[in-house]
Structure formats: C-alpha cells, structure tokens
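To start, the structure itself, in structure tokens.
Computed over heavy atoms, backbone and side chain alike; hydrogens, waters and symmetry mates excluded. Throughout, numbering of the chain's residues begins at 1 and tracks the sequence.
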Amino acid sequence: MRIDIATLFPEMCESVLQTSVLGRGIKNGFLEVYTHDIRLYTENRHRNVDDKPYGGGTGMIMMAQPIHDCVMAIISQHRARPRIIYLSPQGETLTQGKVRELSEEEGLILICGHYEGVDRRVLDELQAEEISVGDYVLTGGELPALILTDAVARLQEGVLPNEDAYSIESHYDGLLEFPQYTRPEVWRGRAVPETLLSGNHAKIREWQREMALETTREKRPDMYEKYVLEHAEELFSKNKKRKGNKDD
C-alpha cells in the first residue's frame, strides 16, 4: 500500500513517520508513505499558497491551484488512481470500520488543509472525500493525516507481528478491549484475576470476551447497544448454553 500526504509542513509529518511501529513498517517495506510540499507547486514567484476569502472574514484560504497540481503530480506516480481524502472537521468521522475499508485500498492521497481551510473548488475538482478524526478543530490537517496513516498502516500485512496484535484491540470487532495485566501477580494489594493465571485457554478466552462486553457496557453504552443488536442471536445462544451447563 502507498500513502501520500500533501502538506505545507512535510517536516512535521516525517518526524512521526520515522519512529515506532510505523517507521519500522516503512523501513521493512510493508508499506510506502511519502510527504509532498504543496508550496513547491505554486505558480507565483513569492510562493504564496493562500489568499483572502471572497465575501470577507478572518484568516486566509489555501488556493486551489497549488493543491491541485500537487495532487495531480502524485496521481501520476500511481499505477491506478488512488483514493483522495481531505482531512476536515466537516467530514465523516473516522472509525475502525472506515480504517479497515481504507486499508484495503492500493493507494491513498491525504490532503492537509491549513489556515481557515481550502478553496472548495479544488475538492470538487479532485472528487475528494472528507474525513474527520473527531468533533473538534485543529490548526491543520497534519495530525489527522498522521492518525489516519497510523491506523491504516498497522492493518497492513507484516507491519504488526500477527493478526492478534490488532484483532483483539478496542473497536476492531465493535467492542472495547478487555482489561490487561502483567507482572507482578499482586501489586499494592491488587491481584491479577485468577482465570488469567489458570492456564485454561478456553476459560481465559471466555473471560476476555465477557470482560470486553462489560467494559463496553460501562464505558461506551452506545457501542454496547449497537453490538447487542447486531449479535443478539449469538449472545442469546451463549447465555442459553451457559445456563444449561449450570443446570447440569
């Protein structure tokens, strides 16, 4: 998979792309991530990329031409037209389901806005979709672009050691993750749940599933209700089986 980030501040992105799991995934060739300086594509000699908004108002708007030419140059480097995304607080909220969908693409181009936004015409011209990382406003699209890149990258084969490294985490299957523990077995009078020390893998998996449900019910009742509705038959069968075993 290839991800291209079009930005006015490539150095801001590159420092993150070189570190931790993301950096190792790129270094080991499991994905490609490139940054592109939009300012290099401006046609005026002063390298201006923004101007005052029509209709008045505070702040400056990024001009269409530099963004368009930057993105078109990136597209020319791809075998097939990549999916174009503008990081915007007005966009569809990024979820794990959306991340899984994007992770199956061959290529993504992420456009980072700045100042008071970008000329709407370039988004329409490029047929860019808008994605938001939450209901709040940041000074630019670089941090959201890095969040999306990180989330998508870790689902690429080889980036993480195995599928369990992400498949049991919060949001992956519609539930929050179960509580995790490590040594020592007792810390400040708080003991690790006995089930996790039992060595009985079937019971451990059952405990993890129950705790994931309980954690989601307590912390995200909206997610819990949605999950119960979507898995009603499965949960009913498990409860019926559990009661049957108790009766025995």
Side-chain angles (χ1 to χ4, degrees), residues 1-44 46-50 60-92 94 98-99 101-119 122-123 125-134 137-160:
M1 180 182 205
R2 171 171 170 164
I3 300 176
D4 293 271
I5 303 175
T7 170
L8 295 177
F9 303 97
E11 67 281 359
M12 180 178 177
C13 300
E14 287 166 2
S15 61
V16 174
L17 297 174
Q18 295 171 6
T19 58
S20 190
V21 172
L22 191 53
R24 289 197 299 272
I26 296 170
K27 182 179 179 181
N28 293 330
F30 296 117
L31 73 154
E32 300 175 75
V33 184
Y34 302 97
T35 59
H36 306 266
D37 190 345
I38 295 172
R39 197 178 298 276
L40 297 178
Y41 293 85
T42 185
E43 292 178 343
N44 68 77
H46 298 295
R47 294 295 185 190
N48 293 333
V49 294
D50 60 338
M60 305 288 275
I61 303 297
M62 288 180 65
M63 295 184 288
Q65 176 271 316
I67 297 173
H68 176 268
D69 289 0
C70 178
V71 171
M72 293 307 294
I74 297 170
I75 291 174
S76 69
Q77 299 171 19
H78 284 254
R79 292 178 298 179
R81 183 180 175 88
R83 197 159 169 177
I84 302 173
I85 297 170
Y86 172 55
L87 284 306
S88 163
Q90 297 183 7
E92 174 187 352
L94 185 65
K98 190 69 174 181
V99 169
E101 175 190 325
L102 295 175
S103 71
E104 296 174 359
E105 295 288 337
E106 184 177 331
L108 300 175
I109 297 178
L110 310 181
I111 302 173
C112 302
H114 225 77
Y115 311 121
E116 293 302 311
V118 308
D119 189 316
V122 71
L123 301 179
E125 178 71 18
L126 294 171
Q127 298 181 323
E129 60 183 289
E130 298 183 50
I131 290 181
S132 168
V133 295
V137 180
L138 299 170
T139 55
E142 286 74 21
L143 291 176
L146 290 169
I147 289 172
L148 191 153
T149 298
D150 186 278
V152 168
R154 60 200 313 279
L155 296 188
Q156 300 303 307
E157 185 176 356
V159 172
L160 295 180

- Gln90 side chain to Ser132 main-chain N or O, any donor-acceptor pair under 3.5 Å? no
- Query: Measuring from Glu92:CD to Glu130:CD, what's the distance to the nearest 0.5 Å?
  - Reply: 11.0 Å
- Would you check if the side chain of Arg39 reaches a backbone N or O of Arg47 as a donor-acceptor pair within less than 3.5 Å? yes
- Item | Close side-chain approach of Met60 to His114, heavy-atom, < 4.5 Å | no
- Heavy-atom pair with the smallest gap, counting every atom of Gly107 and His78: CA-CE1, 4.1 Å
- Query: Do Glu106 side-chain atoms and Arg2 backbone N/O form a donor-acceptor pair below 3.5 Å?
  - Reply: no
- Distance, nearest 0.5 Å, that separates CG of Leu123 from OG of Ser88: 8.0 Å
- Leu8 versus Cys112: any side-chain heavy-atom pair under 4.5 Å? no
- Reported CG-to-CG distance for the pair Leu40 and Asp69, which is rounded to 0.5 angstrom: 12.0 Å
- Message: Between Thr149 and Leu17, is the side-chain contact (heavy atoms from CB on, under 4.5 Å) condition met? List the steps.
- Response: CA-CA 9 Å; Thr149 298; Leu17 297 174; 4.3 Å; yes
- Gap between atom CG of Leu102 and atom CE of Met1 - 0.5 Å precision: 6.5 Å
- Message: Quick one, Leu126 with Ile111, criterion side-chain contact (heavy atoms from CB on, under 4.5 Å). Give me CA distance, side-chain angles, the key distance, then yes/no.
- Response: CA-CA 11 Å; Leu126 294 171; Ile111 302 173; 4.0 Å; yes
- Query: What heavy-atom pair brings His36 and Cys70 nearest, and what distance separates the two atoms?
  - Reply: CB-SG, 3.9 Å
- Note on the structure: Closest non-hydrogen atoms of Ala153 and Val159, given as atom of the first, atom of the second and distance, are O-CG2, 3.3 Å
- Message: Do Leu148 and Val133 have side chains that approach each other closer than 4.5 Å (heavy atoms only, starting at C-beta)?
- Response: no
- Where Val118 and Gly113 come nearest, the two heavy atoms and their spacing: CG1-CA, 4.0 Å
- Shortest non-hydrogen contact between Ile74 and Ala6, atoms and distance: CD1-CB, 4.4 Å
- Glu11: partners by side chain to side chain contact (heavy atoms under 4.5 Å, CB included), with sequence neighbours left out: Phe9
- Is any side-chain heavy atom of Asn44 less than 4.5 Å from a side-chain heavy atom of Met63? yes
- Item | Sole candidate of Ile38, Ile84, Asp4 that passes side-chain contact (heavy atoms from CB on, under 4.5 Å) when paired with Val71 | Ile84
- Query: To the nearest 0.5 Å, what is the distance between OH (Tyr86) and CG (Leu110)?
  - Reply: 13.0 Å
- Kindly check if the number of other-residue, nucleotide or ligand heavy atoms within 6.0 Å of CD (Glu129) is above 12? yes
- Message: If I take atom CG from residue Leu31 and atom CD1 from residue Ile3, how far apart are they, to the nearest 0.5 angstrom?
- Response: 6.0 Å
- Quick one: list whatever passes side chain to side chain contact (heavy atoms under 4.5 Å, CB included) with Pro10, sequence neighbours left out. Thr7, Glu14, Thr35, Asp37
- Can you list the residues that meet the side chain to side chain contact (heavy atoms under 4.5 Å, CB included) rule with Asn28, with sequence neighbours excluded? Arg24, Phe30
- Within the side chain of Thr42, is there an N or O that forms a donor-acceptor pair under 3.5 Å with the backbone of Pro66? no
- Query: Stepwise, does the side-chain contact (heavy atoms from CB on, under 4.5 Å) test hold for Leu143 with Met12?
  - Reply: CA-CA 9 Å; Leu143 291 176; Met12 180 178 177; 3.9 Å; yes
- Closest heavy-atom contact between Glu142 and Cys13? CG-SG, 3.9 Å
- Query: Are any non-hydrogen side-chain atoms of Pro82 and Leu108 less than 4.5 angstrom apart?
  - Reply: no
- The residue among Arg83, Lys98, Arg81 that forms salt bridge (charged side-chain N to carboxylate O under 4.0 Å, His left out) with Glu105 is Arg83
